[in-house]
Number of protein chains: 2
Amino acid sequence: MKISLDQFDKAFENRIRLQIMSVLVANESYDFNSLKELLNLTDGNLASHLKALEKEEYIQVEKTFIGRKPNTRYLASEKGRAAFKLHLLALENLIKQQKL
Amino acid sequence: MKISLDQFDKAFENRIRLQIMSVLVANESYDFNSLKELLNLTDGNLASHLKALEKEEYIQVEKTFIGRKPNTRYLASEKGRAAFKLHLLALENLIKQQKL
DNA sequence: CAAAAGTACTTTGTTGTTCAAAGTTAAATA
DNA sequence: TATTTAACTTTGAACAACAAAGTACTTTTG
(Lines give C-alpha, C1' and ligand atoms only; values in the text may rest on other atoms or scores of the structure.)
Protein backbone atom coordinates (compact mmCIF):
# COMPACT_ATOMS: atom_id res chain seq x y z
CA MET A 1 0.00 0.00 0.00
CA LYS A 2 1.44 3.29 -1.21
CA ILE A 3 1.38 6.21 1.17
CA SER A 4 0.25 9.49 -0.27
CA LEU A 5 2.40 12.20 1.18
CA ASP A 6 0.26 14.80 -0.51
CA GLN A 7 -2.54 14.35 1.99
CA PHE A 8 -0.49 16.54 4.27
CA ASP A 9 -0.59 20.27 3.80
CA LYS A 10 2.79 21.95 3.72
CA ALA A 11 1.30 25.09 5.24
CA PHE A 12 0.54 23.15 8.41
CA GLU A 13 3.78 21.26 8.64
CA ASN A 14 5.32 23.91 10.84
CA ARG A 15 4.05 23.52 14.38
CA ILE A 16 3.50 27.23 14.94
CA ARG A 17 1.22 27.47 11.93
CA LEU A 18 -0.47 24.28 13.06
CA GLN A 19 -1.17 25.87 16.42
CA ILE A 20 -2.29 29.18 14.96
CA MET A 21 -4.73 27.39 12.71
CA SER A 22 -5.93 25.24 15.56
CA VAL A 23 -6.66 28.31 17.65
CA LEU A 24 -8.37 30.13 14.80
CA VAL A 25 -10.57 27.20 13.86
CA ALA A 26 -11.60 26.69 17.47
CA ASN A 27 -12.12 30.34 18.29
CA GLU A 28 -13.45 31.96 15.13
CA SER A 29 -11.30 35.02 15.82
CA TYR A 30 -8.18 35.87 17.78
CA ASP A 31 -6.11 39.01 17.91
CA PHE A 32 -2.45 39.54 17.24
CA ASN A 33 -1.30 40.16 20.77
CA SER A 34 -3.28 37.31 22.27
CA LEU A 35 -1.79 34.93 19.74
CA LYS A 36 1.64 36.33 20.42
CA GLU A 37 1.27 35.71 24.13
CA LEU A 38 -0.42 32.33 23.73
CA LEU A 39 2.30 30.98 21.49
CA ASN A 40 5.13 32.91 23.09
CA LEU A 41 6.49 34.38 19.90
CA THR A 42 8.25 37.54 18.87
CA ASP A 43 5.95 39.78 16.88
CA GLY A 44 8.08 39.51 13.78
CA ASN A 45 7.96 35.74 13.84
CA LEU A 46 4.22 35.64 14.46
CA ALA A 47 3.61 38.17 11.70
CA SER A 48 5.54 36.09 9.19
CA HIS A 49 3.69 32.89 10.00
CA LEU A 50 0.39 34.72 9.79
CA LYS A 51 1.46 36.13 6.46
CA ALA A 52 2.22 32.62 5.20
CA LEU A 53 -1.28 31.48 6.14
CA GLU A 54 -2.76 34.60 4.61
CA LYS A 55 -0.91 33.97 1.38
CA GLU A 56 -2.59 30.56 1.17
CA GLU A 57 -5.89 32.33 1.88
CA TYR A 58 -6.34 30.15 4.93
CA ILE A 59 -6.91 33.10 7.22
CA GLN A 60 -8.41 36.56 6.95
CA VAL A 61 -7.53 39.77 8.70
CA GLU A 62 -9.85 42.27 10.30
CA LYS A 63 -8.53 45.59 11.48
CA THR A 64 -10.67 47.30 14.05
CA PHE A 65 -10.31 49.51 17.09
CA ILE A 66 -10.93 48.66 20.70
CA GLY A 67 -11.57 51.99 22.27
CA ARG A 68 -8.89 53.94 20.50
CA LYS A 69 -6.37 51.16 20.22
CA PRO A 70 -5.88 49.40 16.91
CA ASN A 71 -6.74 45.75 17.07
CA THR A 72 -5.94 43.22 14.38
CA ARG A 73 -8.01 40.10 14.47
CA TYR A 74 -7.41 36.93 12.50
CA LEU A 75 -10.07 34.49 11.33
CA ALA A 76 -9.89 31.11 9.65
CA SER A 77 -11.41 31.31 6.18
CA GLU A 78 -13.69 28.61 4.78
CA LYS A 79 -10.85 27.49 2.56
CA GLY A 80 -8.59 27.37 5.58
CA ARG A 81 -11.06 25.37 7.64
CA ALA A 82 -11.48 22.86 4.83
CA ALA A 83 -7.74 22.50 4.32
CA PHE A 84 -7.14 22.13 8.04
CA LYS A 85 -9.84 19.49 8.29
CA LEU A 86 -8.19 17.49 5.54
CA HIS A 87 -4.81 17.81 7.18
CA LEU A 88 -6.18 16.60 10.50
CA LEU A 89 -7.85 13.72 8.72
CA ALA A 90 -4.52 12.70 7.26
CA LEU A 91 -3.01 12.84 10.74
CA GLU A 92 -5.92 10.88 12.15
CA ASN A 93 -5.36 8.17 9.57
CA LEU A 94 -1.74 8.00 10.52
CA ILE A 95 -2.66 7.65 14.17
CA LYS A 96 -5.32 5.08 13.46
CA GLN A 97 -2.87 2.90 11.57
CA GLN A 98 -0.70 2.75 14.65
CA LYS A 99 -3.55 1.30 16.66
CA LEU A 100 -4.29 -1.69 14.44
CA MET B 1 -5.10 28.29 28.57
CA LYS B 2 -1.47 28.30 27.44
CA ILE B 3 -0.51 25.94 24.67
CA SER B 4 2.66 23.97 25.18
CA LEU B 5 4.46 23.76 21.89
CA ASP B 6 7.03 21.45 23.38
CA GLN B 7 4.68 18.48 23.31
CA PHE B 8 5.57 18.18 19.66
CA ASP B 9 8.77 16.45 18.68
CA LYS B 10 10.90 18.34 16.19
CA ALA B 11 12.20 15.10 14.77
CA PHE B 12 8.69 14.29 13.56
CA GLU B 13 7.79 17.72 12.27
CA ASN B 14 8.98 16.85 8.80
CA ARG B 15 6.39 14.76 7.03
CA ILE B 16 8.88 12.35 5.54
CA ARG B 17 10.27 11.47 8.95
CA LEU B 18 6.70 11.27 10.25
CA GLN B 19 5.91 8.72 7.57
CA ILE B 20 9.11 6.77 8.04
CA MET B 21 8.44 6.50 11.74
CA SER B 22 4.85 5.54 11.12
CA VAL B 23 5.92 2.73 8.82
CA LEU B 24 8.62 1.49 11.19
CA VAL B 25 6.33 1.50 14.20
CA ALA B 26 3.66 -0.37 12.30
CA ASN B 27 5.96 -2.86 10.61
CA GLU B 28 8.75 -3.55 13.08
CA SER B 29 11.24 -3.53 10.21
CA TYR B 30 11.47 -2.17 6.70
CA ASP B 31 14.35 -2.06 4.26
CA PHE B 32 15.96 0.85 2.49
CA ASN B 33 14.67 0.20 -0.98
CA SER B 34 11.12 -0.54 0.10
CA LEU B 35 11.04 2.71 2.05
CA LYS B 36 12.50 4.52 -0.90
CA GLU B 37 9.81 3.20 -3.20
CA LEU B 38 7.02 3.62 -0.69
CA LEU B 39 7.83 7.24 -0.04
CA ASN B 40 9.06 7.98 -3.54
CA LEU B 41 12.34 9.50 -2.50
CA THR B 42 15.82 9.73 -3.92
CA ASP B 43 18.21 7.54 -2.01
CA GLY B 44 20.25 10.49 -0.80
CA ASN B 45 17.23 12.20 0.63
CA LEU B 46 15.96 9.05 2.32
CA ALA B 47 19.40 8.31 3.74
CA SER B 48 19.64 11.75 5.31
CA HIS B 49 16.21 11.52 6.94
CA LEU B 50 17.06 8.07 8.25
CA LYS B 51 20.31 9.43 9.57
CA ALA B 52 18.43 12.19 11.42
CA LEU B 53 16.20 9.60 13.11
CA GLU B 54 19.21 7.45 13.88
CA LYS B 55 20.95 10.41 15.47
CA GLU B 56 18.01 10.79 17.85
CA GLU B 57 18.26 7.05 18.50
CA TYR B 58 14.70 6.66 17.33
CA ILE B 59 15.61 3.94 14.84
CA GLN B 60 18.17 1.18 14.57
CA VAL B 61 19.89 -0.31 11.56
CA GLU B 62 20.46 -3.94 10.71
CA LYS B 63 22.67 -4.92 7.85
CA THR B 64 22.05 -8.37 6.45
CA PHE B 65 22.09 -10.19 3.15
CA ILE B 66 19.19 -11.55 1.20
CA GLY B 67 20.73 -14.24 -0.93
CA ARG B 68 23.85 -12.40 -1.93
CA LYS B 69 22.44 -8.90 -2.02
CA PRO B 70 23.13 -6.52 0.83
CA ASN B 71 19.97 -5.51 2.61
CA THR B 72 19.72 -2.72 5.15
CA ARG B 73 16.75 -2.90 7.45
CA TYR B 74 15.51 -0.18 9.76
CA LEU B 75 13.66 -0.71 13.05
CA ALA B 76 11.98 1.67 15.45
CA SER B 77 13.76 1.59 18.81
CA GLU B 78 11.92 1.59 22.11
CA LYS B 79 12.93 5.19 22.59
CA GLY B 80 11.60 5.99 19.14
CA ARG B 81 8.31 4.23 19.78
CA ALA B 82 7.84 6.12 23.03
CA ALA B 83 8.68 9.46 21.44
CA PHE B 84 6.40 8.78 18.51
CA LYS B 85 3.56 7.82 20.81
CA LEU B 86 3.92 11.09 22.69
CA HIS B 87 3.98 13.04 19.47
CA LEU B 88 0.83 11.35 18.23
CA LEU B 89 -0.82 12.04 21.56
CA ALA B 90 -0.07 15.72 21.16
CA LEU B 91 -1.60 15.61 17.70
CA GLU B 92 -4.58 13.71 19.00
CA ASN B 93 -5.16 16.40 21.60
CA LEU B 94 -5.04 19.03 18.92
CA ILE B 95 -7.58 17.14 16.86
CA LYS B 96 -9.82 16.50 19.83
CA GLN B 97 -9.94 20.19 20.63
CA GLN B 98 -11.36 20.86 17.19
CA LYS B 99 -14.24 18.53 17.84
CA LEU B 100 -15.56 20.20 21.00
C1' DC C 1 36.41 -11.34 -18.32
C1' DA C 2 34.60 -6.75 -18.96
C1' DA C 3 30.69 -3.85 -18.63
C1' DA C 4 26.50 -2.83 -16.51
C1' DA C 5 23.61 -2.75 -12.71
C1' DG C 6 22.25 -2.87 -7.77
C1' DT C 7 22.73 -1.42 -2.76
C1' DA C 8 23.49 1.98 0.28
C1' DC C 9 25.26 5.44 1.09
C1' DT C 10 28.30 10.45 1.20
C1' DT C 11 29.36 14.82 -0.74
C1' DT C 12 28.28 19.02 -2.94
C1' DG C 13 25.82 22.91 -3.84
C1' DT C 14 21.51 25.24 -4.29
C1' DT C 15 17.31 26.63 -2.53
C1' DG C 16 13.97 27.12 1.18
C1' DT C 17 12.61 27.84 6.04
C1' DT C 18 12.79 29.78 10.45
C1' DC C 19 14.00 33.03 13.56
C1' DA C 20 15.56 37.08 16.46
C1' DA C 21 16.58 41.62 16.32
C1' DA C 22 16.20 45.96 14.65
C1' DG C 23 13.76 49.27 12.03
C1' DT C 24 9.14 51.43 10.69
C1' DT C 25 4.67 53.85 10.90
C1' DA C 26 1.06 55.75 13.09
C1' DA C 27 -1.72 56.78 16.90
C1' DA C 28 -2.20 57.44 22.08
C1' DT C 29 -0.86 58.55 26.38
C1' DA C 30 2.15 60.75 29.98
C1' DT D 1 7.36 66.62 23.39
C1' DA D 2 8.82 61.96 24.68
C1' DT D 3 7.42 57.50 25.39
C1' DT D 4 4.62 53.66 24.65
C1' DT D 5 1.74 50.43 22.11
C1' DA D 6 0.28 47.89 18.02
C1' DA D 7 1.43 45.65 14.13
C1' DC D 8 4.09 45.04 11.22
C1' DT D 9 8.65 44.84 7.51
C1' DT D 10 13.39 44.18 6.70
C1' DT D 11 17.70 42.14 7.42
C1' DG D 12 20.76 38.65 8.11
C1' DA D 13 22.21 34.44 10.01
C1' DA D 14 21.57 29.61 10.90
C1' DC D 15 19.71 25.58 9.69
C1' DA D 16 16.94 22.13 6.88
C1' DA D 17 15.74 19.92 2.58
C1' DC D 18 16.71 18.36 -1.71
C1' DA D 19 18.52 16.57 -6.26
C1' DA D 20 22.34 15.12 -8.50
C1' DA D 21 26.61 13.28 -8.73
C1' DG D 22 30.14 10.55 -6.79
C1' DT D 23 31.80 6.31 -4.17
C1' DA D 24 32.69 1.41 -2.85
C1' DC D 25 31.58 -2.94 -3.19
C1' DT D 26 29.29 -6.82 -5.17
C1' DT D 27 26.71 -9.36 -8.60
C1' DT D 28 24.83 -10.28 -12.83
C1' DT D 29 24.93 -10.17 -17.81
C1' DG D 30 26.81 -10.31 -22.44
Side-chain angles (χ1 to χ4, degrees), chain A residues 3-6 8-24 27 29-75 87, chain B residues 3-24 29-56 58-75 83 87:
Chain A
I3 289 178
S4 66
L5 285 168
D6 27 282
F8 294 99
D9 194 322
K10 262 218 142 200
F12 304 133
E13 197 162 340
N14 175 278
R15 58 188 179 163
I16 290 172
R17 290 193 298 272
L18 189 70
Q19 295 281 8
I20 289 172
M21 205 58 196
S22 174
V23 169
L24 294 188
N27 289 280
S29 115
Y30 225 83
D31 67 34
F32 188 87
N33 274 320
S34 305
L35 269 177
K36 188 178 128 186
E37 205 206 329
L38 186 71
L39 302 177
N40 211 33
L41 300 173
T42 57
D43 45 8
N45 194 11
L46 174 58
S48 73
H49 282 299
L50 287 168
K51 184 135 266 207
L53 290 171
E54 234 189 297
K55 197 180 151 205
E56 297 294 320
E57 298 179 309
Y58 286 173
I59 64 173
Q60 279 150 11
V61 191
E62 261 182 24
K63 283 163 189 288
T64 58
F65 283 83
I66 290 184
R68 281 169 178 155
K69 284 187 184 176
N71 183 264
T72 307
R73 306 196 69 82
Y74 297 89
L75 302 85
H87 185 78
Chain B
I3 290 180
S4 66
L5 286 169
D6 27 283
Q7 284 184 72
F8 295 100
D9 193 322
K10 263 218 140 202
F12 304 133
E13 196 163 341
N14 176 277
R15 60 186 179 164
I16 290 171
R17 288 193 298 272
L18 189 69
Q19 295 279 8
I20 290 173
M21 205 58 196
S22 174
V23 168
L24 294 189
S29 114
Y30 225 82
D31 67 34
F32 188 87
N33 274 320
S34 305
L35 269 176
K36 189 179 129 186
E37 204 207 328
L38 187 70
L39 302 175
N40 211 32
L41 300 172
T42 58
D43 45 8
N45 195 11
L46 174 57
S48 76
H49 282 300
L50 287 169
K51 185 137 264 206
L53 290 171
E54 233 189 296
K55 197 179 151 204
E56 297 294 321
Y58 286 173
I59 64 174
Q60 279 150 11
V61 190
E62 261 182 25
K63 281 163 191 288
T64 58
F65 283 83
I66 290 182
R68 280 169 181 156
K69 286 186 183 176
N71 183 261
T72 308
R73 306 197 67 83
Y74 298 89
L75 302 84
H87 185 77

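Sequence lines set the chain letters: A, B, ... in the order given, protein chains first and strands last, and positions in each chain run from 1.
Protein atom CG of B:Asp43 is 11 Å distant from nucleotide atom P of C:dT10, rounded to whole Å. Per the geometry, CG belonging to A:Leu53 stands 13 Å off P belonging to C:dT17, to the nearest Å. Per the geometry, NZ belonging to B:Lys36 stands 9 Å off C1' belonging to C:dA8, to the nearest Å. Whole-Å rounding puts the A:Asp31 CG to D:dT5 C1' distance at 13 Å. B:Asn71 places its CG atom 15 Å from the C1' atom of D:dT27, with the value rounded to the nearest Å. As a whole-Å value, the separation of B:Leu39 CG from D:dC18 P is 11 Å. Taking atom CD of A:Glu13 as the reference point, atom C1' of C:dT17 lies 11 Å away to the nearest angstrom. The distance from atom CZ of A:Arg15 to atom P of C:dT17 is 17 Å, rounded to the nearest whole Å.
Residue A:Lys63 is in sugar-phosphate contact alone, with no base atom involved, counting any heavy-atom pair closer than 4.0 Å across all strands shown. Residue-level contact check: A:Arg17 touches the backbone only, with heavy atoms under 4.0 Å from sugar-phosphate atoms and none from bases. Among the protein residues, B:Tyr74 comes within range of the sugar-phosphate backbone only, with heavy atoms under 4.0 Å from sugar or phosphate atoms but none that close to a base.
Closest to the side chain of B:Lys51, out of D:dT27, C:dT10, C:dA22, is C:dT10. Relative to the side chain of B:Asn45, the nucleotides C:dG6, D:dA19, C:dC19 differ in distance, and D:dA19 lies closest. The side chain of A:His49 lies closest to C:dC19, out of D:dA6, C:dC19, C:dT7. Distance from the side chain of A:Thr72 is smallest to D:dA7 among D:dC18, D:dA7, D:dT5. Counting only heavy atoms from C-beta on, B:Asn14 has its side chain closest to D:dA17 among C:dC19, D:dA17, D:dT9. The side chain of B:Phe32 approaches C:dC9 more closely than any other nucleotide in the set C:dT10, D:dT5, C:dC9. Relative to the side chain of A:Thr42, the nucleotides C:dA20, C:dT10, C:dG6 differ in distance, and C:dA20 lies closest.
Under the 30°/60° scheme for interplanar angles, the aromatic rings of B:His87 and B:Phe8 are found to stand perpendicular.
Put simply, OG1 on B:Thr72 and OH on B:Tyr30 are 15.5 Å apart, with the number rounded to the nearest 0.5 Å. Taking CG of B:Leu46 as the reference point, atom OG of B:Ser48 lies at 8.0 Å (rounded to 0.5 Å).
One N or O on the side chain of A:Glu13 and one on the backbone of B:Arg15 form a donor-acceptor pair closer than 3.5 Å.
In terms of position on DNA chain D, the residue among A:Lys10 and A:Asn33 whose nearest nucleotide sits closer to the 5' end is A:Asn33.
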Walk me through it: do A:Thr42 and A:Asn45 pass the test side-chain hydrogen bond (donor to acceptor under 3.5 Å, both in side chains)? CA-CA 5 Å; A:Thr42 57; A:Asn45 194 11; 4.6 Å; no
